[in-house]
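Note sheet for the following structure.
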Amino acid sequence: DDERFDAAALDAFFTSLRPRSLVRTYAFRGQDVTAIDAVIAAAARHQHLLNLVLTDAKGSCGDDGVEKDEAWYGSGFRSDYLPWVREIVTRERDEPAVGMWELVGSPVDVRSATLRAFYDEVGGVVHTLAPRQLVASGSHGAWAYGGASGYQLIHDSPGVDVAGVRDYEQEPGMPPNLQAALDALAGSKPLILAEAGIYASPEGDARQTLAGRVCVSWQTRHDVLQTWIESAFQTRVAGIDVWNYLPVVRGACAYSTHQSDPLFQLLHDAELP
């Protein structure tokens with residue numbers, strides 16, 4: 001429940017952002033469409049843009065609970081996901097705050113050719129229904145698709161306008177998966193680091209780990225992500241979304257950030273090209 005935004009929390013969040021930010025959030029089939037409408041209206045009031053994610057590859061984060069596999073990307077998506085895509089995109093296609101639709105968040109364990117056909121079909125539907133809104137792939141880095149050739153194949157799809165990559169490492173410098181994705185694209189399409197996250201708590205706790213990553217302090221996370229931002233924007237990268245904002249402070253180790261976190265101020269003030 002502490003992840004839910006009421007009207008006041010939505011306005012407080014969008015007010016706190018740097019001008020004309022792109023915010024990535026969910027528009028899943030199981031959500032109340034009026035809640036999706038409320039997020040879009042709040043973004044519009046504050047002149048921000050949204051990247052709306054249509055489903056999650058693991059079915060998590062409040063999605064349908066279905067882990068997407070080869071069969072789902074091959075044809076299973078047509079039974080319930082594609083009707084939802086048609087419904088929600090048609091509903092929101094004239095909303096200027098909707099900058100793009102992310103077809104699926106973090107697809108893995110699928111052949112590149114299958115994912116490419118999925119992007120061709122679903123991206124084509126979105127383009128037909130909402131020609132003034134962009135389509136994002138939601139992809140992981142090149143490693144998830146057999147390397148540069150697979151990553152290039154899926155992003156050659158006419159159904160995709162914006163490529164994606166994710167990074168959850170904790171070392172300063174260039175985000176580890178970014179350069180391989182940029183090299184594979186060779187400037188063909190814009191690339192967004194759509195999830196950049198570091199496991200942290202206000203003071204850090206070396207006893208706490210997640211996927212082999214030690215919980216660092218908020219200040220350490222700030223310092224590392226500052227180097228990521230500075231390095232990434234020396235490249236062709238088109239944007240960075242940090243995972244993730246909550247309307248409440250959590251003292252436990254997590255990926256979430258809040259306005260009281262020094263990272264949040266960095267995201268507002270960091271110099272961009």
Side-chain angles (χ1 to χ4, degrees), residues 2-3 5 13 16-18 21-26 28 50-53 56-63 102 104-108 136-144 162-182 191-206 208-233 235 237-270 272:
D2 63 359
E3 295 188 9
F5 289 70
F13 169 67
S16 69
L17 300 178
R18 67 192 303 144
S21 290
L22 174 68
V23 175
R24 180 176 177 266
T25 190
Y26 298 138
F28 293 158
L50 297 173
N51 174 13
L52 295 177
V53 186
D56 179 74
K58 298 292 185 182
S60 57
C61 300
D63 195 14
E102 185 173 305
V104 54
S106 305
V108 293
S137 68
S139 62
H140 262 294
W143 64 267
V162 180
V165 68
R166 280 107 172 93
D167 263 310
Y168 285 91
E169 300 305 322
Q170 297 185 256
E171 298 301 317
M174 180 73 74
N177 290 310
L178 185 61
Q179 192 61 55
L182 287 165
L191 173 68
I192 289 179
L193 176 52
E195 291 181 17
I198 293 178
Y199 190 52
S201 69
E203 301 302 326
D205 186 350
Q208 301 293 319
T209 62
L210 181 65
R213 299 180 179 101
V214 175
C215 176
V216 300
S217 70
W218 277 1
Q219 186 60 51
T220 297
R221 174 168 65 181
H222 164 282
D223 295 345
V224 171
L225 286 177
Q226 183 174 21
T227 70
W228 281 29
I229 291 169
E230 291 170 351
S231 299
F233 282 108
T235 73
V237 73
I240 298 176
D241 280 324
V242 171
W243 181 272
N244 68 319
Y245 177 85
L246 292 183
V248 297
V249 181
R250 285 182 176 173
C253 296
Y255 286 104
S256 58
T257 185
H258 182 264
Q259 290 182 35
S260 58
D261 181 350
L263 171 60
F264 199 80
Q265 195 65 41
L266 170 67
L267 299 179
H268 188 279
D269 296 340
L272 303 179

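Please read all numbers here as calculations on a predicted model, not as lab measurements.
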Query raised in the report: Are Glu3 and Arg250 side-chain neighbours, meaning at least one heavy-atom pair lies under 4.5 Å?
Result: yes
Smallest heavy-atom separation, Ala232 atom then Ile240 atom, equals CB-CD1, 3.8 Å
The reported gap from NE2 in His258 to CZ in Phe13 (rounded to nearest 0.5 angstrom) is 11.0 Å
Has Arg24 got a side-chain atom pairing as donor or acceptor with Leu50's backbone, closer than 3.5 angstrom? no
For Val216, is there any backbone N or O sitting under 3.5 Å from a side-chain donor or acceptor partner on Arg221? no
Worksheet entry | Student check: side-chain heavy atoms of Phe28 and Val53 closer than 4.5 Å | yes
Check: Just by modelled atom types, is the Val214 backbone N or O under 3.5 Å from a matching donor or acceptor in the Gln170 side chain?
Finding: yes
CG (Asp241) and CD (Glu102) are apart, to the nearest 0.5 Å, by 9.0 Å
Taking every heavy atom of Ala270 against every heavy atom of Ile229, the minimum-distance pair comes out as CB-CG2, 4.2 Å
The salt bridge (Lys or Arg N to Asp or Glu O under 4.0 Å) partners of Asp223 (sequence neighbours excluded) come to none
What I'd like to find out is whether the side chain of Leu178 reaches to under 4.5 Å of the side chain of Leu191, using heavy atoms alone.
yes
Output for pair (His222 NE2, Leu266 CG), nearest 0.5 Å, gives 4.5 Å
Of all heavy-atom pairs linking Gly239 and Phe233, the shortest is CA-CZ, 4.1 Å
- Task: Determine yes or no for a side-chain-to-main-chain donor-acceptor pair under 3.5 angstrom, with Ser201 supplying the side chain and Cys253 the backbone.
- Result: no
Item to complete: For the residue pair Trp143 and Asn177, establish whether any side-chain heavy-atom pair is separated by less than 4.5 Å.
Response: yes
Minimal heavy-atom distance between Pro262 and Gln219, with the atoms involved, is CG-OE1, 3.9 Å
Note to self: Keeping Thr257 on the side-chain end and Tyr245 on the backbone end, is there a donor-acceptor pair under 3.5 Å?
What the structure shows: no
Can any side-chain N or O of Arg166 pair as donor or acceptor with the backbone N or O of Gly105 at less than 3.5 Å?
no
Heavy atoms, side chains only, cut-off 4.5 Å: are Leu17 and Leu267 in contact?
-> no
Find out whether Ile198 and Leu263 are in side-chain contact, i.e. whether some heavy atom of one side chain is under 4.5 Å from a heavy atom of the other.
-> no
> Is the side chain of Asp56 donor-acceptor paired with the backbone N or O of Asp63 at a distance under 3.5 Å, no angle test?
Replying inline: no
Open item on the list: Working note: Leu22 + Ile192, criterion side-chain contact (heavy atoms from CB on, under 4.5 Å); need CA distance, chi angles, decisive distance, verdict.
Closed with: CA-CA 11 Å; Leu22 174 68; Ile192 289 179; 3.8 Å; yes
Counting C-beta onward and ignoring hydrogens, is there a side-chain heavy-atom pair between Glu169 and Arg213 closer than 4.5 Å?
yes
Closest heavy-atom pair, Ser256 versus Asp261, reported as atoms and distance to 0.1 Å, is O-OD2, 4.4 Å
Between the main-chain N or O of Val237 and the side-chain N or O of Thr235, is there a donor-acceptor pair closer than 3.5 Å? yes
Task: More than 12 heavy atoms from other groups under 6.0 Å of CD on Glu203 - done: no
Correct closest heavy-atom pair for Ser139 and Pro107 would be CA-CD, 3.9 Å
task = Please confirm whether the backbone N or O of Glu171 pairs with a side-chain atom of Trp228, one donor and one acceptor, at under 3.5 Å?
result = yes
Heavy atoms, side chains only, cut-off 4.5 Å: are Val108 and Lys58 in contact? yes
